[in-house]
There are 2 protein chains.
Amino acid sequence: MSLATDASDKPTLYKRIRADIEKRILTGEWPPGHRIPFEHELVARYGCSRMTVNKALSELAQADLIERRRRAGSFVRRPQHQSAVLKIADIRAEITALGRGYGYELISRKLRAATAADRERLGVKKAGKVVAISCRHSADKVPFAVEDRLIDLSSVPSAASADFSREPPGSWLLHHVPWTEAEHTISAIVADDRTAEALDIAVGAPCLVIDRYTWRSARTITAVRLLYPGDSHRLVARFKGG
Amino acid sequence: MSLATDASDKPTLYKRIRADIEKRILTGEWPPGHRIPFEHELVARYGCSRMTVNKALSELAQADLIERRRRAGSFVRRPQHQSAVLKIADIRAEITALGRGYGYELISRKLRAATAADRERLGVKKAGKVVAISCRHSADKVPFAVEDRLIDLSSVPSAASADFSREPPGSWLLHHVPWTEAEHTISAIVADDRTAEALDIAVGAPCLVIDRYTWRSARTITAVRLLYPGDSHRLVARFKGG
DNA sequence: TTGACTTATATGTCTAGACATATAATCGTA
DNA sequence: TACGATTATATGTCTAGACATATAAGTCAA
């Protein structure tokens, strides 16, 4: 029980309260369902005002570590839906982070009126024009991933004049389009002839597929399919309490 | 510009302030790098005390939507590292959520002193005993995934006496072990003979592999490998602003 | 021009109150 | 016993101040 008389006050008080509680939850001392002390008890224990403990508890609640119920108190939440933060870095960043030489190659770029297939893929009823891009990323000259992308020009008009022969469309979008939402679908396929050639792997070799669909406030921006050699590439998702 | 005289006060004031700012960021009206109004300006605009706007801004900062810098002000953050929330549901929950019949089958359960390979897999220097479990999950009698798991008994002693013939080890752990951290590695392989038979797919068919390594405060709990038929199963990761 | 010092200022934290509101618990009644 | 009304209480929000602190910007000297 760390009391208010704890002299090491490098972190601020509310942060120490939050850390104290978090620690008890993480170590299992206060298991899921456990009622943590009432605010007025913490006020007494730490000798501070209620706003201070309230701030600590509010942050824990925002982080889904505890659940607050009026009149009842605050309770440790159980690890809910198993979820993880999947870090899907910009491919260029990912490769350079590995200390390998990044290579980019534009295979094709077509500007066209949206076909029925394009509309289906972008999930829009009617679209004007789209840009269809096919390109390849490599690490130290070795094929790393092939990308097949569609950009909705009605959402991102400036993409029509962007030069994708040198800058990958993913990087370009990241720097030119504000906050977005996205949905990723990860699956596995075996390489067909075309994929095998593009990735320089054997036909029938496993490939990891990431389909990413990106929009901003109900407006589709882009749909992309990334194909990685499945036995060499790995996606790492880190999960922490939740 | 919504002023303090806005009468629709169903949500509380600080939530409205937060929502107002969030909306401007999401729509791109305030692009990344834009300096949002100073606290004292928001105080004037909404006619409230500084603590109220501070709470709104603090939550936006905690959600990584804005960055606060002393003396400089608060700024809209740019979509940082592309990351996504990957929902990896408990398999039973996942299947029942799809409205399909869940089936579970324990293939083998062995209690043994940890071998060198076990220690390697669990990432521990020395371990006492472990439980090795192999099982299969099915949806409407069709194989859905095969699971190959190792539980460190020095961390979870009660797992030695748990009955895994009826309850899947994943569900059991979820309910008996408090907050954990985990790391997932996702990759693709092609089915070998044994896998093909277990999943009732063709040899050479693509499989999605999830390797999950779980620990609690630096203490390994379990390591599991899940194999899914890759062309039928999909992992969906949703990403929202950040 | 550059570096060191000073100052102004926006955020960070905190207080000691207040009233609002949802709801668990109690009490009373059918 | 079951149900409806009442009450007590923990959290939710808010105020009008306060002092602390990091730092951008300005000032001045080498």
Side-chain angles (χ1 to χ4, degrees), chain A residues 2-22 24-25 30 32-77, chain B residues 2-22 24-25 30 32-77:
Chain A
S2 67
L3 298 172
T5 46
D6 187 337
S8 72
D9 49 4
K10 239 170 303 178
T12 57
L13 181 51
Y14 93 86
K15 279 182 182 160
R16 222 183 67 224
I17 299 173
R18 173 159 62 73
D20 281 358
I21 296 169
E22 199 169 330
R24 283 187 165 83
I25 295 173
W30 287 348
H34 176 90
R35 208 211 75 225
I36 73 173
F38 294 129
E39 292 190 356
H40 67 82
E41 295 178 294
L42 292 169
V43 162
R45 160 138 61 196
Y46 290 93
C48 61
S49 80
R50 191 164 78 90
M51 276 301 278
T52 302
V53 310
N54 183 281
K55 178 159 186 169
L57 296 183
S58 294
E59 288 196 3
L60 289 169
Q62 207 189 335
D64 274 335
L65 258 164
I66 65 171
E67 184 187 348
R68 314 200 72 196
R69 290 207 298 271
R70 285 191 140 130
R71 168 68 212 250
S74 300
F75 301 83
V76 178
R77 292 193 62 152
Chain B
S2 67
L3 297 171
T5 47
D6 187 338
S8 71
D9 48 4
K10 239 170 301 178
T12 56
L13 182 51
Y14 93 87
K15 279 183 181 160
R16 224 183 67 225
I17 299 174
R18 174 158 63 71
D20 281 359
I21 295 169
E22 198 169 330
R24 283 187 165 81
I25 294 174
W30 287 346
H34 177 90
R35 208 211 75 224
I36 73 174
F38 294 129
E39 291 191 355
H40 66 83
E41 294 177 293
L42 293 168
V43 161
R45 162 145 46 190
Y46 289 95
C48 63
S49 80
R50 191 164 79 90
M51 277 300 279
T52 302
V53 310
N54 184 281
K55 178 159 187 172
L57 296 183
S58 294
E59 287 196 4
L60 289 169
Q62 207 188 334
D64 274 335
L65 259 163
I66 65 171
E67 184 188 349
R68 313 201 73 197
R69 290 208 298 270
R70 284 192 144 141
R71 168 67 212 250
S74 300
F75 301 83
V76 178
R77 290 193 63 151

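No experiment lies behind these values; they were computed from the predicted model shown.
With contacts defined as side-chain heavy-atom distances shorter than 4.5 Å, the pair B/I66/B/I25 qualifies. With a 4.5 Å cut-off on side-chain heavy atoms, A/P37 and A/V53 do not count as touching. Using a 4.5 Å heavy-atom threshold, the side chains of A/M51 and B/M51 count as touching. Looking at heavy atoms from C-beta onward, B/S74 lies out of side-chain contact with B/E39 at the 4.5 angstrom threshold.
Going from atom CD of B/E39 over to atom C1' of C/dG12 covers 9 Å, rounded to whole Å. Here the P atom of nucleotide D/dA10 and the CD atom of A/E67 are 17 Å apart, to the nearest Å. With rounding to whole Å, B/R68 atom CZ is found 17 Å from D/dA24 atom C1'. Put simply, CZ on A/F38 is 16 Å from C1' on D/dG12, counting in whole angstrom units. Atom NE2 in A/H40 sits roughly 11 Å away from atom C1' in D/dT11 (whole-Å rounding). Protein atom CZ of A/R35 is 12 Å distant from nucleotide atom C1' of D/dT9, rounded to whole Å.
Note on A/S74: every side-chain N or O is 4.0 Å or more away from OP1 and OP2 of D/dA10.
Qualifying side chain to side chain donor-acceptor pair (under 3.5 Å) partners for B/R69, counting only residues two or more places apart in sequence or in other chains: none. Evaluation of the side chain to side chain donor-acceptor pair (under 3.5 Å) rule for A/R18 yields A/E59 as partners, not counting sequence neighbours. Every ring-ring contact (aromatic ring centres under 6.0 Å, His included) that B/F38 has, sequence neighbours left out, goes to B/H40. For A/E67, there are no side chain to side chain donor-acceptor pair (under 3.5 Å) partners two or more places apart in sequence or in a different chain.
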Practice problem: Could you run through nucleotides 16-24 of chain C and give me one letter per nucleotide, 5' to 3': B if any protein heavy atom sits under 4.0 Å from the base, S if only the sugar-phosphate is that close, - if neither? | Solution: B-B--BSBB

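Sorted by residue number, the members of residues 52-60 of chain B with any non-hydrogen atom under 4.0 Å from DNA chain D read B/T52, B/K55.
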